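Data block below; observations after.
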2 protein chains.
Amino acid sequence: MIESKLTKNQSMVHTCLTQENGPMTAYAILDALREKGFRAPLQVYRALEKLTELKLVHRLESMSAFVACQHGTCEHSGAAVFAICDTCGTVAEFAAADVSKSLESHVKENGFVLKKTTIELRGECRQCYAV
Amino acid sequence: MIESKLTKNQSMVHTCLTQENGPMTAYAILDALREKGFRAPLQVYRALEKLTELKLVHRLESMSAFVACQHGTCEHSGAAVFAICDTCGTVAEFAAADVSKSLESHVKENGFVLKKTTIELRGECRQCYAV
DNA sequence: ATATGTAATGTAATAACATAACATACGAGA
DNA sequence: TCTCGTATGTTATGTTATTACATTACATAT
């Protein structure tokens with residue numbers, strides 16, 4: 001598994017996020033890992049940077065939080081889409097190849113070189129809406 | 001024009017963003033408006049909240065900044081898409097009805113009630129790429 | 001004109017998120 | 001062993017956003 005390449009701190013942060021099974025802010029991660037010796041935000045941010053680079057973790061821009069990739073390591077065809085429930089905080093991640101393709105073509109027309117796509121959907125999940 | 005409904009502070013913030021013709025952080029707006037009497041972040045944030053609600057201003061989540069809607073008041077069919085140049089900072093805003101439609105259908109399958117869509121594309125614009 | 005209610009504004013303090021700068025440790029080759 | 005790159009630790013600081021409370025402005029009822 002890819003985890004084997006991770007350093008101690010990276011691994012701890014990844015495990016923390018995976019167990020949480022939902023988004024956490026960097027400072028929430030820090031608090032969770034204090035008992036394991038973490039002392040400063042930078043320890044978390046450095047690990048998150050690497051994990052994000054490896055696509056083991058995604059950053060949710062609209063809530064300044066981080067979530068473990070729901071596909072282990074992320075190999076979508078195209079950009080990831082996140083559906084975030086404002087009520088319970090759960091995040092569903094999925095690929096939408098057609099969306100990516102469409103955005104790319106829109107953008108190419110204008111000579112824009114696309115490097116990173118952020119798509120975040122806010123709303124209410126089925127369970128919460130039912131209540 | 002809709003501006004007539006704005007309060008003094010809201011109007012000043014909107015004018016500031018419109019003149020800038022690009023994204024500004026809340027604190028950049030604050031600094032720009034200090035000479036006009038602004039003293040505290042909250043004055044800016046309150047105005048931005050209202051302007052965002054009216055869709056005269058959009059928040060760019062991936063850069064914690066705000067930009068005046070490039071269509072005056074925003075009446076896209078579907079969600080707005082922002083293409084942000086990481087080199088020069090310019091933002092192009094466009095509608096992508098097909099993208100919105102596709103995202104909506106993806107999401108409906110799972111009973112997710114969509115309230116807000118964020119789509120931000122980071123990369124390099126034609127001019128910057130040419131250099 | 002005065003009282004009252006409501007929206008907007010002002011101000012200070014602080015919370016929440018993120019990075020800079022520098023010191024130290026530690027393992028993989030020369 | 002040396003040393004070079006990578007990871008880590010630590011302090012301080014920078015940046016973004018909100019809470020809490022006081023005051024002002026303005027509309028309208030009395």
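All of these numbers come straight from a predicted model, not from anything done at the bench. First the proteins, then the strands, lettered A, B, ... as listed; each starts at 1.
Going from atom OH of A:Tyr27 over to atom P of C:dT19 covers 10 Å, rounded to whole Å. Taking atom CD on B:Glu53 and atom P on C:dA7, their separation rounds to 13 Å, with Å as the unit. Following rounding to the nearest Å, A:Leu48 (CG) and C:dT19 (P) show an atom-to-atom distance of 10 Å.
By the criterion of side-chain heavy atoms lying less than 4.5 angstrom apart, applied directly or through intervening Ile, Leu, Val, Met, Phe, Trp or Tyr residues, B:Phe112 is grouped together with B:Val99 in one hydrophobic cluster. A chain of hydrophobic side-chain contacts below 4.5 Å, direct or via other Ile, Leu, Val, Met, Phe, Trp or Tyr residues, connects B:Phe66 to B:Leu30. Taken together through direct or relayed side-chain contacts under 4.5 Å among Ile, Leu, Val, Met, Phe, Trp and Tyr, A:Leu103 and B:Phe82 form parts of separate hydrophobic clusters.
Between A:Asn9 and B:Tyr45, the residue whose closest nucleotide on DNA chain D is further toward the 5' end is A:Asn9.
Residues A:Val13 and A:Leu6 fail the side-chain proximity criterion, which asks for heavy atoms closer than 4.5 Å. Proximity of B:His58 to B:Glu93: side-chain heavy atoms (C-beta onward) are separated by under 4.5 Å at one or more points. With contacts defined as side-chain heavy-atom distances shorter than 4.5 Å, the pair A:Phe38/A:Ile29 does not qualify.
We find that B:Arg34 and B:Asp31 are joined by a salt bridge, their nearest charged nitrogen and carboxylate oxygen being less than 4.0 Å apart. Using a cutoff of 4.0 Å between basic side-chain nitrogens and carboxylate oxygens, B:Arg46 and B:Glu49 are not scored as salt-bridged.
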Each nucleotide in nucleotides 20-26 of chain C should get exactly one letter: B, S or -. Can you fill that in based on protein heavy atoms under 4.0 Å? BB-----

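Looking at residues two or more places apart in sequence or on another chain, you find a side-chain contact (heavy atoms from CB on, under 4.5 Å) between A:Arg122 and A:Ser62, A:Met63, A:Ile84, A:Asp86, B:Lys116. With sequence neighbours excluded, no residue satisfies side-chain hydrogen bond (donor to acceptor under 3.5 Å, both in side chains) with B:Asn21.
Pairing each heavy atom of B:His106 with each of A:Asp98, the nearest pair is CE1-OD1, 3.5 Å.
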Working note: A:Lys101 + A:Glu104, criterion salt bridge (Lys or Arg N to Asp or Glu O under 4.0 Å); need CA distance, chi angles, decisive distance, verdict. CA-CA 5 Å; A:Lys101 209 165 287 177; A:Glu104 271 168 40; over 6 Å; no

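A perpendicular orientation is assigned to the rings of A:Tyr45 and A:Tyr27, their planes being inclined by more than 60° (bins at 30° and 60°).
A 4.0 Å heavy-atom criterion places the boundary nucleotides of DNA chain D facing chain B at D:dT16 to D:dA20, written 5' to 3'.
End-to-end axis angle of the helix from C:dA1-D:dT30 to C:dA30-D:dT1, using five pairs per end and rounding to 10°, comes to 10°.
For DNA chain D, no neighbouring residue in residues 29-41 of chain B is found when judged by any heavy atom under 4.0 Å.
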